[in-house]
Amino acid sequence: MELSESLSEKLESLRSGDLYRRMVCVDSAQGPSVTIEGREYACFCSNNYLNLAADPRIIEAAVTALTRYGQGAAASRLMSGTMRPHAELEAAFAKLFGKETALIFPAGWMANDAVLRTLPGRGDLVLIDKLDHASIIDAAAGSDADVRTYRRGSADRIEKLLARHYKHKFIVTESVFSMDGHAADLASLVEIKKKYGAILVVDEAHAIGCLGKNAEGLAGQLNLLDQVDIVVATMSKALGSAGAVAAAKRTIIEFLVNRARSFIYTTAPPPAVCAAAAAALRIARTEPGRRQRLRENADRLRAGLKRLGLDTGRSESHIIPIMIGQSRQALAASRMLMEKGFFVPAIRPPTVPPNTARLRISVQSGHTAEQMDGLCEALAGL
Ligand SMILES: *Cc1c(COP(=O)(O)O)cnc(C)c1O
């Protein structure tokens, strides 16, 4: 059979299983509302939590850097690609997380790939939460370590695995889970990691900018940053830019610089992208009102959805799933919302476990009461 023929067959089975995916093209900048094919939609599916993606100050920081440094970095970091905006951003992140040093990557996917494929080796254990992001799962699977999963709250299982003999033991968790919007039990993981001498890796992708006194994420909010050995965070979500960072002790970062393939064999991120992220970090840190509004908006919307009798799962953050179950129903609900002017795609397996298809609502600090109440109204008949 020809390749395109067998692929068409597979695509057809995705379609008939309601698992076919397609892209929607946005014609405006990202914000609380976006334009799609000439119509305005309230956008409840972006990670632009603090509405920084199109903030004039961030655009200005990018333009200034663009003018000074040009567009491309034109080489990998270990060649001529390390430029002043990279170094400044790394210093800012190291300070934010209270770590010796930090290393940036062109994407969160690559940061996790570097950390989890490079540091754990043969004879090591990597424990990951069942709900951890695909980039964590795939990176760990690509290491030579023994990889096991656990469910949040199953401290017994974690301890049983950690009690076995391994050279190095890694525990890897997201801080705010991307599909359920609940927080990891970091305090308990810290206790366990201390007891077994494990290395704790926390991915703050959905928490940086949104939580913590200095916008540093969940670990910082809980005063546990010094117990987190490696912090991973993205610039692509609340910080409205692109790329990611890993922050840790000097030796760890030095090892990544020397051995991580996703760091070494790729071109350095564009300098303007880093300058924009640095500006976003400054704004996130110094304007706590944004985090406050994000939390208030999330509380208001979640309360509204609950009043409608909708199942928001374990959500306790700015990520609010509406659990539906079957992909077909989730797709229909998403289509219905789109018709009413609300952009909320259906999240289906394998992004989430079988039979847990859902609408995943991402709140932004700039969402208005009208937009949120309107969304609730639109969902009233669900
Ligand atoms: C989005 C995300 C990533 C990937 O980050 P990108 O910069 O989009 O590649 C990694 N980890 C988690 C938990 C994420 O949600």
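First listed ligand is number 1; within each ligand, the first listed atom is number 1.
- Contact record, His182 with Arg152: CD2-CD, 3.4 Å, taken as the closest heavy-atom pair.
- Residues Asn112 and Ser135 have side chains that bring a donor and an acceptor to within less than 3.5 angstrom of each other.
- One hydrophobic cluster, built from ILVMFWY side chains closer than 4.5 Å, cannot hold both Ile252 and Tyr166; they sit in different ones.
- At the shortest separation from atom 11 (N) of ligand 1 among protein heavy atoms lies Asp203 OD2, 2.7 Å.
- Relative orientation of the His168 and Phe170 rings is perpendicular, given thresholds of 30° and 60° on the angle between their planes.
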Is there a salt bridge (Lys or Arg N to Asp or Glu O under 4.0 Å) between Asp229 and Lys193 once you walk through the steps?
CA-CA 10 Å; Asp229 299 278; Lys193 91 139 225 184; 2.9 Å; yes

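- Remark: minimum distance from atom 6 (P) of ligand 1 to any protein heavy atom is reached at Gly108 N, 3.3 Å.
- A donor and an acceptor atom, one from each side chain of Asn47 and Tyr49, are located under 3.5 Å apart.
- Residues Leu294 and Leu50 have side chains in contact (heavy-atom distance under 4.5 Å, counting atoms from C-beta outward).
- The residue Met235 has no part lying near ligand 1, judged by heavy-atom distances below 4.0 Å.
- Under 4.0 angstrom from ligand 1, there are no non-hydrogen atoms of Ala244.
- For atom 8 (O) of ligand 1, the nearest protein heavy atom (residue, atom name, distance) is Ser236 OG, 3.7 Å.
- At least one N or O atom of Trp109, backbone or side chain, sits closer than 3.5 Å to an N or O atom of ligand 1.
- Listed by number with element, the atoms of ligand 1 under 4.0 Å from a non-hydrogen atom of Thr234 are 5 (O), 7 (O).
- Here is the list of ligand 1 atoms found below 4.0 Å of a heavy atom in Ser135: 10 (C), 11 (N).
- Atoms of ligand 1 lying under 4.0 Å from at least one heavy atom of Asn112, given by number and element, are 10 (C), 11 (N).
- For ligand 1, the atoms sitting less than 4.0 Å from at least one non-hydrogen atom of Ala205 are 11 (N), 12 (C), 13 (C), 14 (C), 15 (O), numbered in the order shown with element in parentheses.
- Ligand 1 places these atoms under 4.0 Å from at least one heavy atom of Glu174: 13 (C).
- The one candidate from Asp311, Ile361, Leu382 that meets the side chain to side chain contact (heavy atoms under 4.5 Å, CB included) condition with Leu305 is Ile361.
- When hydrogens are left out, the protein atom nearest atom 1 (C) of ligand 1 is Lys237 NZ, 1.5 Å; that is the closest non-hydrogen contact.
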